[in-house]
Amino acid sequence: MKHSTTRQTRRGRGPARRIGRSLAFVLPVVLVLSGTLAVTRVNWSGDPSDSVLAASEASSAKASSARAARAPHEVLRDRLLTELQEEDPGVALTHLQQAVNERPSLADHCATIARALGRAAVKVYGPTRAQSYARPVCDTAFASGVLAAHG
């Protein structure tokens with residue numbers, strides 16, 4: 001009787017053991033194949049034209065990266081530099097002060113923008129005339145930009 005009990009126990013494990021052995025063989029094969037396919041889909045050349053992305057996805061990715069690259073303070077700086085050349089540094093400094101008052105987050109960049117305006121003013125107006133436009137916007141950063149460009 002003992003012999004038949006042992007046989008039933010082994011038979012009970014039989015189908016589960018066969019499935020386990022099959023999975024043990026098939027699962028690594030599936031993982032290797034899926035890994036190989038994933039590696040072949042990666043753009044290793046670095047050339048965007050070889051990319052797997054659809055054209056619409058690529059153009060939207062470029063547009064979003066272009067928007068992300070232009071921070072608000074950079075846009076403001078470029079606009080004020082254009083104003084400085086078209087009008088005068090006084091107008092650009094007034095608009096810088098107004099922009100900082102309207103958007104306090106720009107205060108961190110105010111001195112950098114004012115220095116850039118000072119350097120540009122020296123190129124356009126010369127050091128003496130550029131210094132005449134100096135005013136206490138962003139803690140005299142405009143004047144330090146004039147001095148840096150002159151010296």
*Asks:* Which heavy atom in E83 sits nearest to a heavy atom in A92, and how many Å separate them?
*Replies:* OE1-CA, 3.8 Å

*Asks:* Got a second to check how far R77's CZ is from L106's CG, nearest 0.5 Å?
*Replies:*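 It is 12.0 Å, given to the nearest 0.5 Å.
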
*Asks:* To the nearest 0.5 Å, tell me how far L93 CG sits from Q98 CD.
*Replies:* 11.5 Å

*Asks:* Using 0.5 Å steps for rounding, measure from the SG atom of C110 to the CD atom of Q97.
*Replies:* 6.0 Å

*Asks:* What do you reckon, is CZ of R135 surrounded by more than 12 foreign heavy atoms closer than 6.0 Å?
*Replies:* yes

*Asks:* Measure the NE2-CG distance between H73 and L80 for me, rounded to the nearest 0.5 Å.
*Replies:*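 Interatomic distance, H73 NE2 to L80 CG, rounded to 0.5 Å: 12.5 Å.
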
*Asks:* Look only at the side chain of E74 and the backbone of A71, and say whether a donor-acceptor pair between them is shorter than 3.5 Å.
*Replies:*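 A pair under 3.5 Å: yes.
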
*Asks:* For F142 and A134, work out which heavy atoms get closest and say how close.
*Replies:*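 Scanning both residues, the minimum pair turns out to be CD2-CA, 3.6 Å.
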
*Asks:* Just how far is it from atom CZ of R70 to atom CG of L76, taken to the nearest 0.5 Å?
*Replies:*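 If we round to the nearest 0.5 Å, R70:CZ and L76:CG are 10.5 Å apart.
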
*Asks:* Please tabulate, for side-chain N and O atoms in residues 112-127, each donor-acceptor pair with protein atoms closer than 3.5 Å (sequence neighbours left out).
*Replies:*
residue: Y125; atom: OH; partner: L84; partner atom: O; Å: 3.4
residue: Y125; atom: OH; partner: E87; partner atom: O; Å: 2.9

